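Report on one structure; see the data block that follows.
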Amino acid sequence: MGQRYDAVVVGSGPNGLAAAITLAETGRSVLVLEAAPEAGGGLRTSELLEPDFRHDVCSTIMALPPLLPFFDSMHLDLVTPPAPLAHPFDDGTAAVVERDFTSPFARQVRDLLPMVMRPPAIPRHPWLLGRFGSVGLLSASIARRMFSGERAQAVFGGAAAHSVLSLDEPGTAAVGTLMLATASAGGWPLARGGSAA
């Protein structure tokens, strides 16, 4: 009979790797299984066009490592750009989101993230979670009206589009709000050498 493990994690994407790390840190033996020829899931980097020119296949930004203590022990080599993102427009211009953009959620994102990235539980900061819920449960189409100006609304819509849902769906405002809060608070760094690094 083969070796026995305390846990088997199926899939070596970011969530599978996070689960395996969390279990291993508690002293459990863990086996990670991956069907793809390359580990990493959305954290893969490949030479797609020419040798020595690497592309991130899925995830490029590392929005959470600067904001969550889970990543501290990993000593990631991250490069933080001067501005976390720009949203292009058809006329050739772009709106740039600066790090000094602040909102209540950006200022308190380190308290907010642990509450929204886990199953429901009694919140440590109920007023913050309630305020986030009052915005986040809306559709992005409705919530974008809280921003003045067409360009700011477009930036919010672009951030909310990461939900991969119609922007008319309830809850898409939560994704847009978290994306912009993490951009402001953490700067959306990149992994030196690509996300697979």
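For clarity, every value in this text was computed on a predicted model and none was experimentally measured. What's counted below: heavy atoms across the whole structure, side chains too, no hydrogens, waters or symmetry copies.
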> Do any N or O atoms from the side chain of Q153 and from the backbone of F147 form a donor-acceptor pair under 3.5 angstrom?
Replying inline: yes
> Stepwise, does the side chain to side chain contact (heavy atoms under 4.5 Å, CB included) test hold for L48 with F53?
Replying inline: CA-CA 8 Å; L48 298 176; F53 193 82; over 6 Å; no
>> Run D168 and S141 through side chain to side chain donor-acceptor pair (under 3.5 Å) and show every step you take.
In response: CA-CA 5 Å; D168 294 329; S141 299; 2.6 Å; yes
>> Between R28 and D6, does any NZ, NE, NH1 or NH2 come within less than 4.0 Å of an OD or OE carboxylate oxygen?
In response: no
> Going by heavy atoms in the side chains, are I61 and L85 under 4.5 Å from each other?
Replying inline: no
> Under a 4.5 Å cut-off applied to non-hydrogen side-chain atoms, are E38 and S46 in contact?
Replying inline: yes
> Would you say the side chain of M179 lies within less than 4.5 Å of the side chain of F156, judging by non-hydrogen atoms?
Replying inline: no
> Is there side-chain contact between L180 and F105, with at least one heavy-atom pair below 4.5 Å?
Replying inline: no
>> Does atom CG (D90) have a neighbourhood of more than 12 heavy atoms from anything else shown, all under 6.0 Å?
In response: no
>> Under a 3.5 Å distance rule, please check whether T45 uses its side chain to pair with a backbone N or O of A196 as donor and acceptor.
In response: yes
>> Looking at every heavy atom in both P81 and P189, which two are closest together, and how far apart are they?
In response: CD-CA, 4.1 Å
> Is the closest side-chain donor-acceptor distance between T93 and R151 under 3.5 Å?
Replying inline: yes
> If you group Ile, Leu, Val, Met, Phe, Trp and Tyr by side-chain heavy-atom gaps below 4.5 Å, do V175 and V155 land in one group?
Replying inline: yes
>> Taking the side chain as everything from C-beta on, heavy atoms only, tell me whether L49 gets closer than 4.5 Å to R54.
In response: no
> Rounded to the nearest 0.5 Å, how far does CG of D56 lie from CG of L43?
Replying inline: 8.5 Å
> Shortest non-hydrogen contact from P123 to M115?
Replying inline: CB-SD, 3.7 Å
> Between L67 and P69, what is the shortest heavy-atom contact and its length?
Replying inline: O-CD, 4.1 Å
> To the nearest 0.5 Å, how far apart are CG in L17 and OG in S12?
Replying inline: 5.5 Å
> Which value, rounded to the nearest 0.5 Å, describes the distance between L190 atom CG and L76 atom CG?
Replying inline: 12.5 Å
> Between Y5 and V30, which heavy-atom pair has the shortest distance, and what is it?
Replying inline: CD2-C, 3.8 Å
> Out of curiosity, H55 NE2 to R44 CZ, how far, rounded to the nearest 0.5 Å?
Replying inline: 13.5 Å
>> When you compare the side chain of L113 with that of L64, does any pair of heavy atoms fall below 4.5 Å?
In response: yes
> Do you know which two heavy atoms are closest between T80 and G186, and how far apart they sit?
Replying inline: CG2-O, 4.3 Å
> About how many Å separate NE2 of H125 and CG of D111, when rounded to the nearest 0.5 Å?
Replying inline: 3.5 Å
>> Quick check: do V9 and L31 have side-chain heavy atoms less than 4.5 Å from each other?
In response: no
>> If I compare all heavy atoms of S166 with all of T172, which pair ends up nearest, and what's the gap?
In response: O-CG2, 3.5 Å
>> Please determine whether residues V10 and L23 belong to a single hydrophobic cluster, defined as Ile, Leu, Val, Met, Phe, Trp and Tyr linked transitively by side-chain heavy-atom distances below 4.5 Å.
In response: no
> Do the side chain of E34 and the main chain of G11 share a donor and acceptor less than 3.5 angstrom apart?
Replying inline: no
> So do the side chains of L178 and L112 get within less than 4.5 Å of each other, counting heavy atoms only?
Replying inline: yes
> Once you round to the nearest 0.5 Å, how far does CE of M62 lie from CH2 of W188?
Replying inline: 12.5 Å
